[in-house]
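Both backbone and side-chain heavy atoms feed into the values below; hydrogens, waters and symmetry mates do not.
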Amino acid sequence: MQKGRNFEKQIEKVIEYIEKIGFHGHKNYPKRLQDGTYLEGESFDYEIFLPNRHDCFDAKQCKTDTWHILKKDIKQTNELKKCKNAGCKAYFLICFENKFVKMIDVDLVIGYLKENRKSIKMYGLPEWDLIEEVANEKN
């Protein structure tokens, strides 16, 4: 099984729900070599379109309580910041310890990088429950 596939399946369930209620979400598929080397395309994983918001995010998994920011994550941060500048909700969606799903706003990541910090702990970060948020907006 591919690394992170269970987490992706959970995100796909959220997107299925969003599609079922009449909105849109999708996974971006960049072009890659057979070994997984990135060639071109979207540099973040998902987009979700709702009446009052457009979410752009990249999904990551960590086996511990800490996300270590890699060189490729910095490129993704730059691309997500462009989305936020355009009015989108832009963030990293991190599954810590294979069970705690947290959102890290792109501006928080930029703040860490400016302080020359290359890791973020999960504590104090908001949880991601888009289905609940959408249900609350509909009521």
Side-chain angles (χ1 to χ4, degrees):
M1 177 176 274
Q2 288 177 295
K3 178 183 170 191
R5 189 67 190 131
N6 284 338
F7 183 39
E8 283 185 0
K9 284 183 179 179
Q10 296 305 311
I11 296 168
E12 288 167 7
K13 286 180 185 178
V14 172
I15 289 174
E16 284 175 24
Y17 171 77
I18 287 173
E19 294 275 335
K20 183 178 173 185
I21 62 172
F23 305 114
H24 177 72
H26 65 261
K27 178 171 176 51
N28 294 318
Y29 291 98
K31 292 180 183 176
R32 296 184 183 274
L33 296 176
Q34 285 184 332
D35 68 358
T37 302
Y38 173 83
L39 291 176
E40 64 180 23
E42 299 298 332
S43 59
F44 55 89
D45 292 334
Y46 296 94
E47 291 181 84
I48 295 176
F49 300 87
L50 297 166
N52 299 315
R53 67 192 263 186
H54 176 184
D55 287 29
C56 300
F57 61 94
D58 197 78
K60 309 276 184 201
Q61 266 191 295
C62 301
K63 292 182 179 179
T64 67
D65 66 351
T66 304
W67 173 43
H68 299 283
I69 303 169
L70 305 174
K71 185 177 179 180
K72 71 179 183 107
D73 300 329
I74 296 170
K75 181 176 187 223
Q76 291 171 325
T77 299
N78 292 332
E79 294 303 313
L80 287 168
K81 180 60 177 169
K82 292 175 189 175
C83 296
K84 186 161 186 177
N85 290 345
C88 301
K89 189 170 184 160
Y91 52 92
F92 287 91
L93 189 63
I94 314 290
C95 182
F96 291 96
E97 299 176 347
N98 295 321
K99 57 185 170 185
F100 302 105
V101 179
K102 304 285 186 163
M103 289 174 47
I104 305 177
D105 185 271
V106 69
D107 286 336
L108 180 64
V109 176
I110 290 168
Y112 270 69
L113 292 170
K114 284 181 178 176
E115 295 173 4
N116 205 28
R117 296 165 64 187
K118 298 286 175 94
S119 62
I120 300 175
K121 292 204 173 274
M122 71 177 195
Y123 308 104
L125 297 172
E127 292 191 22
W128 190 71
D129 193 347
L130 193 59
I131 290 176
E132 186 177 311
E133 288 179 41
V134 171
N136 288 338
E137 286 178 13
K138 288 186 79 168
N139 293 331

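For Phe57, the ring pair (Phe, Tyr, Trp, His ring centres under 6.0 Å) partners are Tyr46, Tyr91, Trp128, not counting sequence neighbours. Applying the side chain to side chain donor-acceptor pair (under 3.5 Å) criterion to Thr66, with sequence neighbours excluded, gives Lys121. Partners of Gln10 under the side chain to side chain donor-acceptor pair (under 3.5 Å) rule, at least two apart in sequence or in another chain, do not exist in this structure. With sequence neighbours left out, the salt bridge (Lys or Arg N to Asp or Glu O under 4.0 Å) criterion links Lys13 to no other residue. Considering only residues two or more places apart in sequence or on other chains, Glu115 meets the salt bridge (Lys or Arg N to Asp or Glu O under 4.0 Å) condition with Arg117. By the side chain to side chain contact (heavy atoms under 4.5 Å, CB included) test, Asp107 pairs with Lys81, Lys84, Asp105, Ile110, sequence neighbours left out. Evaluation of the salt bridge (Lys or Arg N to Asp or Glu O under 4.0 Å) rule for Lys60 yields Asp58, Asp73 as partners, not counting sequence neighbours. In this structure, Lys72 has no salt bridge (Lys or Arg N to Asp or Glu O under 4.0 Å) partners at least two apart in sequence or on a different chain. Partners of Cys88 under the side chain to side chain contact (heavy atoms under 4.5 Å, CB included) rule, at least two apart in sequence or in another chain, are His54, Cys56, Cys83.
With hydrogens and angles ignored, the 3.5 Å screen pairs a side-chain donor or acceptor of Asp45 with a backbone N or O of Ala59.
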Check: residues 95-103 side-chain donor-acceptor pairs under 3.5 Å, at least two apart:
| unit_1 | atom_1 | unit_2 | atom_2 | d |
| --- | --- | --- | --- | --- |
| Asn98 | OD1 | Gln61 | NE2 | 2.9 |
| Lys102 | NZ | Leu125 | O | 3.3 |

I'd like a table of donor-acceptor pairs (distance under 3.5 Å, sequence neighbours excluded) in which one partner is a side-chain atom from residues 19-26, with atom names and distances.
| unit_1 | atom_1 | unit_2 | atom_2 | d |
| --- | --- | --- | --- | --- |
| Glu19 | OE2 | His24 | ND1 | 2.8 |
| Glu19 | OE2 | Gly25 | N | 3.0 |
| His24 | NE2 | His26 | ND1 | 2.9 |
| His26 | NE2 | Asn28 | OD1 | 3.1 |
| His26 | NE2 | Glu47 | OE2 | 3.1 |

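Remark: Lys118 NZ to Ile74 CD1 distance equals 4.5 Å, nearest 0.5 Å.
A side-chain hydrogen bond (donor to acceptor under 3.5 Å, both in side chains) with Glu79 is found for one member of Gln76, Lys82, Lys75 and no other, namely Lys82.
Sorted by first then second residue, the ring pair (Phe, Tyr, Trp, His ring centres under 6.0 Å) pairs that include residues 64-88, not counting sequence neighbours, are Trp67-Phe92.
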